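What follows is a set of notes on a single structure, which appears directly below.
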Amino acid sequence: MKRALVCGAGGFIGGHLVKRLKREGVWVRGVDLKFHEHAETEADDFIVGDLRDQAFVRSVIDRSFDEVYQLAADMGGAGYVFTGENDAAIMQNSALINLNVLDACHKRNIKRVFYSSSACMYPEHNQLDPDNPNCAEGSAYPAKPDSEYGWEKLFSERLYLAYNRNYGMECRVARFHNIFGPEGTWEGGKEKAPAAMCRKVAECPDSGSIEVWGDGLQTRSFLYIDECLEGVLRLTRSDFEGPVNIGSDEMIAINDLARLAIEISGKDISVNNIPGPEGVRGRNSDNQLIREKLDWTPDAPLRDGMEKVYAWISGELERRQSQS
Ligand code: NAD
């Protein structure tokens, strides 16, 4: 039976990945600082602990795994990553996790490790035009990410690929572009734009208004979780080490994302733009490389995913109200 380790299994993408691997009949060990907040884990074995602790990491990686998925990171949405207040913690915490996990895998002779980098590592100067951002993989250097989160991702990408070159490992590196879906963070400051919009709209009374950070003309693309996992597994099991974008190329302005959530709700709500952290002006996934190397690209419409997230967040709010 194939065995996999999912680091960050208590998080959004890790939680979904555990379910997907279980559906494939894989034996799965999950590890995280915490249990999953929104669903019972389906992992065969779930260990709670801190991957910044080298001794703990060695105790988790105490056997051979066919596949290791390293998704654990200190991360959040714009309200966490772009304010500058969490820079030292983000760099220290995530770099330690990556150093520890990769080294423990190497010492156990584990070859296949998937690492989730982020589109946040792309240079800020290529993302100034909201209508025409450049996020082709080859545009990464000369580097100038707009956040320390992005710099740590860049460092760690290089770390994984250096272990491939020097130690014969087979690490696979993807750059995720805004992954969204049910059972993700949707309140508290670490939530991403799709969940934030759906929550604001679900909480807003008819004919009210919701606040959107910035002028709302900044653009992004958002990839639904199921397609993200398809890309992760295809890359991990391929001969291509990456780095490669895993994202949608359906770009949308943030105000239009808000309007999409409003349309789905059926409510009459207006958008009120206020100052706030907003990151780069434009970002979109360039999918030429993934198409070429994996013969696959995601193609589900954004609206389908937003409908599912809106329904899930509305359900969470109703459940909470009925309990109070
Ligand atoms: P998430 O925050 O839901 O999951 C990360 C998990 O890592 C959390 O459950 C957290 O508790 C765990 N973790 C953090 N520090 C830890 C530690 N010291 N020891 C053990 N566990 C620890 O985030 P996610 O959205 O599931 O993202 C997964 C990965 O994908 C991250 O590496 C993130 O940087 C990357 N990524 C995500 C997106 C996105 O849109 N969700 C975009 C780009 C990159």
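Remember, it's 1-based here, ligands and their atoms both numbered in the order they're listed. In this text, all values refer to a predicted model and were calculated from it rather than measured experimentally.
Under a 3.5 Å cut-off, the side chain of Thr236 and the backbone N or O of Leu233 do not form any donor-acceptor pair.
Contact between Gly184 and Phe12 at its shortest, heavy atoms only, is CA-CD1, 3.5 Å. Shown here for Ala195 and Ile313, the closest heavy-atom pair between the two residues is O-CD1, 3.5 Å. Of all heavy-atom pairs between Cys204 and Ile210, the closest is CB-CG2, 4.0 Å.
For atom 21 (N) of ligand 1, the closest non-hydrogen atom on the protein side is Leu33 N, 3.2 Å. If you check which protein heavy atom lies closest to atom 3 (O) of ligand 1, you get Phe12 N, 2.8 Å. Protein heavy atom in closest approach to atom 39 (C) of ligand 1: Lys192 NZ, 2.9 Å. Looking from atom 6 (C) of ligand 1 to the surrounding protein, the closest heavy atom is Asp32 OD2, 3.6 Å. When only non-hydrogen protein atoms are considered, atom 30 (O) of ligand 1 lies nearest to Ser116 OG, 3.4 Å. With hydrogens left out, the protein atom closest to atom 42 (C) of ligand 1 is Phe176 CB, 3.7 Å, a heavy atom. Remark: minimum distance from atom 14 (C) of ligand 1 to any protein heavy atom is reached at Ala73 O, 3.3 Å.
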Practice task
Show your working on salt bridge (Lys or Arg N to Asp or Glu O under 4.0 Å) between Glu263 and Arg303 and close with a plain yes or no.
Solution key: CA-CA 10 Å; Glu263 211 180 290; Arg303 191 189 173 103; 2.7 Å; yes
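Ligand 1 lies nowhere less than 4.0 angstrom from a heavy atom belonging to Gln70.
Within the 4.0 Å heavy-atom criterion, the part of Lys34 lying near ligand 1 is the side chain and not the backbone. At a heavy-atom distance under 4.0 Å, only backbone atoms of Ser117 (N, CA, C or O) approach ligand 1. Proximity of Tyr149 to ligand 1, defined as any heavy-atom pair under 4.0 Å, is confined to the side chain (atoms from C-beta onward). The proximity of Asn178 to ligand 1, defined as any non-hydrogen pair under 4.0 Å, is limited to the backbone. By the criterion of a heavy-atom distance under 4.0 Å, neither the backbone nor the side chain of Arg175 is placed next to ligand 1.
When the heavy atoms of Pro194, Gly10, Ala72 are ranked by distance to atom 7 (O) of ligand 1, first place goes to Ala72. For atom 26 (O) of ligand 1, the nearest non-hydrogen atom from the set Leu71, Asp50, Ile13 comes from Ile13. Checking Asp53, Asn93, Val31, Ile97 against atom 15 (N) of ligand 1, the nearest heavy atom belongs to Ile97. The nearest non-hydrogen atom to atom 4 (O) of ligand 1, considering only Ser94, Cys228, Gly11, Cys7, comes from Gly11.
Between Tyr160 and Tyr115, the ring-plane angle classifies as parallel under the 30° and 60° cut-offs. Relative orientation of the His106 and Tyr167 rings is parallel, given thresholds of 30° and 60° on the angle between their planes.
In summary, the atoms of ligand 1 found under 4.0 Å from a heavy atom of Gly49, numbered by their order in the structure, are 19 (N), 20 (C).
Here Arg320 does not pair with Glu316 in a salt bridge; the nearest charged N to carboxylate O distance is not below 4.0 Å. A salt bridge does not link Glu157 to Lys153: none of the charged side-chain nitrogens sits closer than 4.0 Å to a carboxylate oxygen. Ion pairing between a basic and an acidic side chain is recognised when a charged N comes within 4.0 Å of a carboxylate O; Arg175 and Glu137 show no such pairing.
An N or O contact shorter than 3.5 Å is missing between Met75 and ligand 1 by distance. Considering backbone and side-chain atoms alike, Leu51 places an N or O below 3.5 Å from some N or O of ligand 1.
In Lys267, the NZ atom is crowded: over 12 heavy atoms of neighbouring residues, nucleotides or ligands sit closer than 6.0 Å. Other residues, nucleotides and ligands place more than 12 heavy atoms under 6.0 Å from the CG atom of Asp304.
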